[in-house]
4 protein chains.
Amino acid sequence: MSVPERYVISLRAGNRLRPVTASRTEQRKAELRREIVAASFDCFAEQGYHATGIADIATRLGIGHGTFYRYFDNKRDIVEHVIDDLIARILAALGEENAPDAVSTLEDYRLQSARIGEAVANLIGADPRVPRLLLLEAPGVDAELRERVLDFIESMTEVTAAYLAHGVELGYLRGDLDVVQSARAINGMILGAVIHGVRHHDEDSQATLARAIQRLMYDGIAAR
Amino acid sequence: MSVPERYVISLRAGNRLRPVTASRTEQRKAELRREIVAASFDCFAEQGYHATGIADIATRLGIGHGTFYRYFDNKRDIVEHVIDDLIARILAALGEENAPDAVSTLEDYRLQSARIGEAVANLIGADPRVPRLLLLEAPGVDAELRERVLDFIESMTEVTAAYLAHGVELGYLRGDLDVVQSARAINGMILGAVIHGVRHHDEDSQATLARAIQRLMYDGIAAR
Amino acid sequence: MSVPERYVISLRAGNRLRPVTASRTEQRKAELRREIVAASFDCFAEQGYHATGIADIATRLGIGHGTFYRYFDNKRDIVEHVIDDLIARILAALGEENAPDAVSTLEDYRLQSARIGEAVANLIGADPRVPRLLLLEAPGVDAELRERVLDFIESMTEVTAAYLAHGVELGYLRGDLDVVQSARAINGMILGAVIHGVRHHDEDSQATLARAIQRLMYDGIAAR
Amino acid sequence: MSVPERYVISLRAGNRLRPVTASRTEQRKAELRREIVAASFDCFAEQGYHATGIADIATRLGIGHGTFYRYFDNKRDIVEHVIDDLIARILAALGEENAPDAVSTLEDYRLQSARIGEAVANLIGADPRVPRLLLLEAPGVDAELRERVLDFIESMTEVTAAYLAHGVELGYLRGDLDVVQSARAINGMILGAVIHGVRHHDEDSQATLARAIQRLMYDGIAAR
DNA sequence: CATGAATGAGCCTTCATTCAT
DNA sequence: TATGAATGAAGGCTCATTCAT
């Protein structure tokens, strides 16, 4: 699954591909940074962005709240990093699935989309706070962050569109498919599933929903 | 289109079905209430809930901000009313379409869902701030309001499920349809369309997306 | 003594020449404003600008510190008003002396400068915190306020220069007088006296200093 | 020109008359001390005392800001040293002129005061930040430093008074001169000139002002 | 009933200072 | 000895809410 450039970058900047030779202090610093992001994530998820004070984050970590400001510019800065981190995590989770051009038959495609569906389900199952924060909390922080989230959603649509285009090309998807808009529709279903998963963590529900989505995708609802 | 009880109630409370014999002052009061809700909606949509002060709302109406508290308990109270008002408006817009049991053939059903799709598109087209506030701003206010919004989404699912169940019963929809989960999937597509419409107001885009959703619903994407 | 336009304005704006028909509330407001300026003056004089908190000012007045912000934008705003008020007070005190063109003989001029000297002495005697705050505290607040104070000093030089020019014109002052620079020198003596008065409030000292300045002005120090 | 004891001391402590046999490290330490004072002077002059952080000073020198505290106790300590250093520099500049008892005629005295005037002018011309920091910034730091500056001004008055007393004794100055108060007046003129020089660095202006002061000193302003 | 002056809880942020490395 | 990461006191400022007029 190919991924828009900016997220790749932030992914790398996040924690990978660092120069292997990081000094002791630098490692500590990077770790504390990550811990602050994690603690902030916890706080935001528990109480919401606006109800969370910098002091809450610091206290949770057992650090002075002045320390926070050594690592992030201000409250706005941290929420941005938390969200970017979430996006990076999601992309990482999805990115492990194969690329759009890795399949060549409808059956393969079914399997692939099932895998992706499962990845999404796992993501939610592993931590329902992730979609909740990303989709329900972040857009309410301010206009910029809302745009950021919408950008992310759109970028996912592009990915899906690429999958569909590949399928049309190879002939196992309808030739008259409006790939972009269909991608939007399909991602809407996933979005709906994710939002449903925010409250209903039970695996069964997730599984049946996933199956329903897939049946709908391939067969539609009309009786034959 | 049947509508969950609570929203009906709030709808009534909103502005209809009042005893016809309302005194002069009571009418004034009711009107100012409505104006405050409208002004609050404008403010929240423009600046977001947290960035909006009670003073902003009052100023916009040219009333003293003390007056605000004669009509609503507090800031939390008003946002709840604004959101309920939005939901009521949406339900009203959708409720004008026929009920689930009004159709008996697939063709009718197609037409009905097309009408509903158009109603949704009109809603967005008329004022994209409505979905933005409801779906992107409100859930970030606090946990309770988030639940409220999720409740609304689920209630819409129930409505859709009723439509599907009716179709299965009458045999024009697949007999093995998981009506609830399919309803969730379908509503996800609508959700996706609405969120897309938050930023892309152009009618064309809305129309092609609606068509893509409908084709997907009935035929799926697989080549036959 | 004529006075530069801007200070006249601020003087008026300060508290005079208001429309006589000020409503009850407006009067209260204006009075509280003045009280805040006065309390701020006290605080700044006692502890210095930077050591004074808004809370100190509010507490001294027995008002909530939020109230302060209803009357002044921020801490910077109040110090500016305090300083402007001081300048206005000084100009008012000096302005009561006659204008530069009111005298026509050396003897009159001597008397007039003696009166001015006395006015300055009274100013200091009445409240040595005034020159201390204006000359020693305000310039240390920030660059802008420093410039404000220097502007004031220069404006006083212009006034003195006008006096001297008048004297040269009428022939009772040396024809070859460099009026501007001499004015600066004379005002320097006054400045020195004022600064001396900041610590030495005794009238005797002020009086003998005033006499020494006047002798120096008219006769110089050289033996004849 | 004799100089009050305390300043002599601080002068020595500042950088002179150290035991010649200072170890390598001691020399380094002394030098860094001086560099810190210099950097602090720069910072205070540029941004003002309160707006300057210890970090600014350290950064300017390229040292860690913890190092600062190995050389000075705290922020207050350094500003005191900076001011003392300024005073020492000024005294050094003026001290190079002859002592009060080195002249015996009015003409010599004129020349001497002209030299002193020139020294003052040079001081300002060389670095207008010196008087600005000493006279306009330092008194606003806190009460103690304000007193320090006022002490310095008074000590200068004593020096001038000694000059005048010498002149009266030798008969080339008016016998009825109030030497102390006249000294204060004369120093006031210098003070005025210095403060004027803070903003107006042009040599011409300084020169004509110096001349005006001298004419005033010896001849007064009255027409003969 | 409408108003807006008053209030103070609460929060973000800075920065002088300490101290372990 | 030099460093800079950590700290938390301190303070400026906002804004929802109350209440006297």
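The analysis underlying the following values was restricted to heavy atoms, covering all of them including side chains, and did not include hydrogens, waters or symmetry mates. Chain letters run A, B, ... following the sequence lines, proteins first and then strands; every chain starts at 1.
For B:Leu32 and E:dA2, the CG to C1' distance is 10 Å, given to the nearest whole Å. Atom CD in B:Glu26 sits roughly 14 Å away from atom C1' in E:dC1 (whole-Å rounding). Taking atom NZ of A:Lys29 as the reference point, atom P of E:dA20 lies 20 Å away to the nearest angstrom. A straight line from CD1 of C:Ile78 to C1' of F:dG11 spans 17 Å, rounded to a whole angstrom. Computed from coordinates, the D:Arg33 CZ to F:dT1 P distance equals 14 Å when rounded to whole Å. Rounded to a whole Å, the CG atom of B:Leu61 is 14 Å from the C1' atom of E:dA2. We find that NE2 of A:His50 is positioned 12 Å from P of F:dA16, with the value rounded to whole Å. The CZ-P distance, from C:Arg70 to F:dA16, rounds to 14 Å in whole Å.
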Listed pairs, N/O of protein and of nucleotides 17-19 of chain F, under 3.5 Å:
unit_1: F:dT17; atom_1: OP2; unit_2: B:Tyr69; atom_2: OH; d: 3.1
unit_1: F:dT17; atom_1: OP2; unit_2: B:Lys75; atom_2: N; d: 2.9

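With contacts defined as side-chain heavy-atom distances shorter than 4.5 Å, the pair B:Asp56/B:Thr59 does not qualify. Within the 4.5 Å cutoff, the side chain of B:Val141 has no heavy atoms near those of the B:Glu80 side chain. Side chains of D:Phe152 and D:Ile83 form no contact here, defined as non-hydrogen atoms less than 4.5 Å apart. Inter-residue side-chain proximity for B:Asp84 and B:Arg148 is flagged as met; some heavy-atom pair is nearer than 4.5 Å.
Stem regions annotated for DNA chain F: E:2-21 with F:2-21, counting only runs of 3 or more consecutive pairs of Watson-Crick or G-U type with both contacts under 3.5 Å.
Between the side chain of D:Arg33 and the main chain of D:Tyr71, a donor-acceptor pair closer than 3.5 Å is present.
Counting non-hydrogen atoms under 4.0 angstrom, A:Arg28 reaches nothing in the nucleic acid.
With the nearest nucleotide of DNA chain E identified for both A:Ala51 and C:Gly62, C:Gly62 has the one nearer the 5' end. Positionally, the nearest nucleotide of DNA chain E for B:Ile63 lies more toward the 5' end than for the other of D:Thr52 and B:Ile63. Each of C:Thr67 and C:Gly53 was matched to the nucleotide of DNA chain F holding its nearest heavy atom; the match closer to the 5' end belongs to C:Gly53.
Closest approach of D:Ile63 and D:Phe68 over heavy atoms only: CD1-N, 4.4 Å.
Identified under the side-chain hydrogen bond (donor to acceptor under 3.5 Å, both in side chains) test for residues 36-55 of chain D, with sequence neighbours left out: D:Asp42-D:Arg129, D:Glu46-D:Arg60.
Side-chain contact annotation: D:Asp77 with D:His81, donor-acceptor N/O pair under 3.5 Å present.
A 6.0 Å sphere centred on CZ of B:Arg28 holds no more than 12 heavy atoms belonging to other residues, nucleotides or ligands.
For A:Tyr71, a side-chain nitrogen or oxygen approaches OP1 or OP2 of F:dA6 to under 4.0 Å.
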